[in-house]
Amino acid sequence: MCLAIPGKIVEIDGTNAIIDYGGIRKKASILVMPDAAVGDMVIVHAGFVISKIDEKEAQKTLSVFRTIDEIR
Amino acid sequence: MDAKRQNFSSAIERIKKMLGGGKIRLMEVCGTHTVAISRAGLRQLLKPDVELLSGPGCPVCVTPASDIAKVLWLAEQGITIATFGDMMKVPVDGRSLFHLKARGSDVRIVYSPIEAVDIAESLADGEVVFVGVGFETTAPAIAGAIVDAKDRKLKNFSVFASMKTIPTPLDIICRSPQIGVDGFILPGHVSAIIGSKPYRFIAEKYDKPGVITGFEPEDIVDGVFRLAKMISNGTAGIEVSYSRVVRPDGNVAAKRLMEEIFELCDSEWRGLGILQNSGLKIREEYSDFDADYRFKIPEFPDAKDNPACQCDKVILGLLKPNQCPLFGTECIPTNPQGPCMISSEGACAAYYKYGE
């Protein structure tokens, strides 16, 4: 039930935002992510933006197998 | 073999090499992890060196029969029920919301609690109750719906509060020699809300490691790798592998909102009984939005699941889904006998779907 989906904020009106999920657009609330801005990549659960995706950290994750290689 | 797959296999080989023949048991406590692990076939790839267990991470699965009975009672009073779809088929004494809907009760599936508020606004008269199950990931959305209903000045919207907090059952699991867990794959989205600090006791009190992990197969392998490393080195800490989403303090605004609307309460978990301060109830100031308060819901202490159902043991990792005598015979997704087969994120449903 804690499934949450990444998307991009394309519009904000008060606490309502429009999120683009690779072409499909749906409404979500930014009540608990008040500093969300248009263009942010976010994680949405049950109609609420719960977290922003940190791009630098995402890049680090992409290199996770390289890290595993190094630790060996 | 493509490069990605090769990297994947070599990472798993490295985990096994690091353990040097030793065997470890890791538990995840999130239904989304259960499904991700099954879908990627990780259980098979990692065994026998790493055994992956599913814990009490599916909200539908840990909701006790007595709470489901209360929701059925509400539906029978002519109240409109708005619920996440997974709750529809959970049977109590042979009945479910699905059965009641077929008999004419107004039961509606929603994706967001806000949709339940929309339904309440659209009804001229008639009450709407949202079935508030979920962990800390979902609780802010439910709190947000209460705020929204208050802003819209609705008098016909309330929540049946059956929310639970994740860290408490982990304490019980850590203490159980019977379950025997060496480390935890911690839930990514619960942690997006609560951060990493609430899990510290796992390392400090029980000397067991935990890694907050994302949901891609690579994320899970990274989580397992970090756990195996800590276990091999004899260290215990709480690490964040899902750092692109989880901050150490979590989501401060969400925690503040939860704190404003809810307070901790004792809560009953399927398989675990009543755990102190493991649930969230609606604060008195918001009792107009509390279905329990509005409708004086009776208690159903005798509400019963199918007595042959072993979900209570599956939830604790004491029994693998395929070790339950009902699994795959009497209990299948189209005719489920217990919540772990009903919920799409239940351990039994995941094992069945992916042929484990």
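Protein chains get the first letters and strands the later ones, always in sequence-line order, with residue 1 at the start of each.
Neither the backbone nor the side chain of B:A143 has a heavy atom closer than 4.5 Å to any heavy atom of chain A. Contacts of B:V133 with chain A are made by both backbone and side-chain atoms, with heavy-atom separations under 4.5 Å. Interface residue B:V245: backbone and side-chain heavy atoms are both found under 4.5 Å from chain A. For B:Y111, the parts lying near chain A are the backbone and the side chain together; criterion is any non-hydrogen pair under 4.5 Å. Using a 4.5 Å cut-off between heavy atoms, B:R247 touches chain A through its side chain atoms alone. Only the side chain of B:Y242 comes within contact range of chain A, with at least one heavy atom under 4.5 Å from a heavy atom of that chain.
Between chain A and the options B:V60, B:V252, B:T138, heavy-atom pairs under 4.5 Å are most frequent for B:T138. Among B:S344, B:A254, B:A253, B:S243, the residue making the largest number of heavy-atom pairs under 4.5 Å with chain A is B:S243.
Contacts between residues 38-54 of chain A and chain B, defined by a heavy-atom separation under 4.5 Å, are made by A:I43, A:V44, A:H45, A:A46, A:G47, A:F48, A:I50, A:S51, A:K52, A:I53, A:D54. Of residues 24-36 of chain A, those residues with a non-hydrogen atom less than 4.5 Å from any non-hydrogen atom of chain B are, in numerical order, A:K26, A:L31, A:V32, A:M33, A:P34.
The environment of B:K16 atom NZ is dense: over 12 non-hydrogen atoms of other residues, nucleotides or ligands sit within 6.0 angstrom. Remark: B:K255 NZ is packed, more than 12 non-hydrogen atoms of other residues, nucleotides or ligands lying under 6.0 Å away.
The shortest heavy-atom contact between B:H189 and A:L3 is ND1-C, 4.3 Å.
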